[in-house]
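Heads up: the structure comes next, in structure tokens.
Along the sequence shown, the residues carry numbers beginning at 1.
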Amino acid sequence: MLALIQRVTEASVRVDDEIVGAIGPGLLALVGVEPGDGEAQVARMADRLLGYRVFADEGGRMNLGLADTGGGLLLVSQFTLAADTRSGMRPGFSTAAAPEAAEPLFSRLVGICRQKHAGGVETGRFGAHMVISLVNDGPVTFLLRS
């Protein structure tokens, strides 16, 4: 499982011109599920999303995680994140989990994050064509692997 996280001042996701998820300051996480991922990867990713220190403390250093700040978390499933881009000019998707395997794991990640994070967890819509708007704060962007 991998997640591309971006520290944002705001972010939202639309499906068919309807906002289905939106946050103020916090993290936008684009999440890819890979074959072989299971409960251990989901649990580790939830901990990393909530605890990864990308927010400034009083001294201006990145020492605070999302759980410390109480910011929002917008989780968006994105199978293209797990694409194989090592060769050629077109991505391959054999390195991404099939939708029937990925959806329950993504839903489990959402559930764990909602249970552990009082700051609010929003989502896109699994498998839908989504339009994401964000204001990247920094910019601060990291690729996390579980």
Side-chain angles (χ1 to χ4, degrees), residues 1-86 91 93 95-146:
M1 181 170 275
L2 55 153
L4 183 72
I5 61 170
Q6 297 179 297
R7 187 178 70 189
V8 299
T9 56
E10 62 184 64
S12 64
V13 60
R14 291 178 178 270
V15 175
D16 297 327
D17 288 327
E18 173 192 350
I19 294 178
V20 296
I23 61 168
L27 286 180
L28 166 63
L30 305 174
V31 179
V33 179
E34 298 171 299
D37 285 345
E39 188 64 32
Q41 288 76 23
V42 172
R44 177 158 163 71
M45 184 58 74
D47 288 343
R48 296 199 83 201
L49 289 170
L50 300 177
Y52 207 72
R53 298 181 302 172
V54 299
F55 296 95
D57 62 14
E58 60 281 345
R61 295 182 52 103
M62 282 195 233
N63 279 326
L64 302 176
L66 190 62
D68 301 317
T69 68
L73 176 60
L74 178 56
L75 294 169
V76 178
S77 63
Q78 186 172 356
F79 80 96
T80 61
L81 191 58
D84 182 358
T85 60
R86 292 174 290 183
F93 296 106
T95 51
E100 55 274 4
E103 187 171 13
L105 293 174
F106 180 77
S107 294
R108 180 73 177 126
L109 177 66
V110 172
I112 291 170
C113 288
R114 284 184 170 154
Q115 181 181 33
K116 291 184 170 187
H117 186 58
V121 177
E122 297 284 323
T123 68
R125 189 171 296 149
F126 190 93
H129 178 87
M130 296 176 272
V131 176
I132 300 168
S133 300
L134 67 127
V135 178
N136 195 318
D137 181 17
V140 173
T141 303
F142 296 98
L143 180 62
L144 300 180
R145 292 190 176 274
S146 61

With Val110, the side-chain contact (heavy atoms from CB on, under 4.5 Å) member among Val31, Leu73, Leu105, Leu75: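 Of all the options given, the one that passes is Leu75.
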
Test item: Arg44 side-chain N/O and Ser146 main-chain N/O as donor-acceptor pair under 3.5 Å: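 Side chain of Arg44 to backbone of Ser146, a donor-acceptor pair under 3.5 Å: no, none is there.
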
Do side-chain atoms of Glu18 reach the backbone of Val15 as a donor and acceptor pair under 3.5 angstrom? no

Calculate, to the nearest 0.5 Å, the distance between atoms [atom1] and [atom2] belonging to [X] and [Y] respectively.
X     : Y      : atom1 : atom2 : result
Asp68 : Asp57  : CG    : CG    : 10.0 Å
Arg7  : Met62  : CZ    : CE    : 5.5 Å
Glu10 : Leu28  : CD    : CG    : 12.0 Å
Leu27 : Asp137 : CG    : CG    : 10.0 Å
Arg53 : Asn63  : CZ    : CG    : 5.0 Å
Met1  : Asp37  : CE    : CG    : 5.5 Å

Assess the residue pair Val135 and Val8 against the criterion (side chain to side chain contact (heavy atoms under 4.5 Å, CB included)); give the C-alpha distance rounded to whole Å, side-chain angles, the decisive distance to 0.1 Å, and a yes or no. CA-CA 5 Å; Val135 178; Val8 299; 5.7 Å; no

What is the minimum heavy-atom distance between [X] and [Y], and which atoms define it?
X      : Y      : value
Ala29  : Leu49  : CB-CD2, 3.8 Å
Leu66  : Gly26  : CD1-CA, 4.0 Å
Leu144 : Met45  : O-CE, 3.6 Å
Ser12  : Ile19  : CB-CG2, 4.4 Å
Thr95  : Asp84  : OG1-N, 3.1 Å
Ala46  : Ile112 : CB-CG2, 3.5 Å

Pairwise side-chain contact, [X] with [Y], heavy-atom cut-off 4.5 Å (strictly under):
X      : Y      : answer
Val13  : Ile132 : yes
Val33  : Leu109 : no
Met130 : Ser77  : yes
Phe126 : Pro99  : yes

Pairs in or reaching into residues 8-62: which pass ring-ring contact (aromatic ring centres under 6.0 Å, His included), with residues at least two apart or in two chains?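 Those involving residues 8-62 are Tyr52-Phe142.
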
Going by the rule side chain to side chain donor-acceptor pair (under 3.5 Å), which residues pair with Glu122 if we only count those two or more places apart in sequence or in a different chain? none

Flag if over 12 foreign heavy atoms under 6.0 Å of CD, Glu39: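 Atom CD in Glu39 is packed in, count exceeds 12.
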
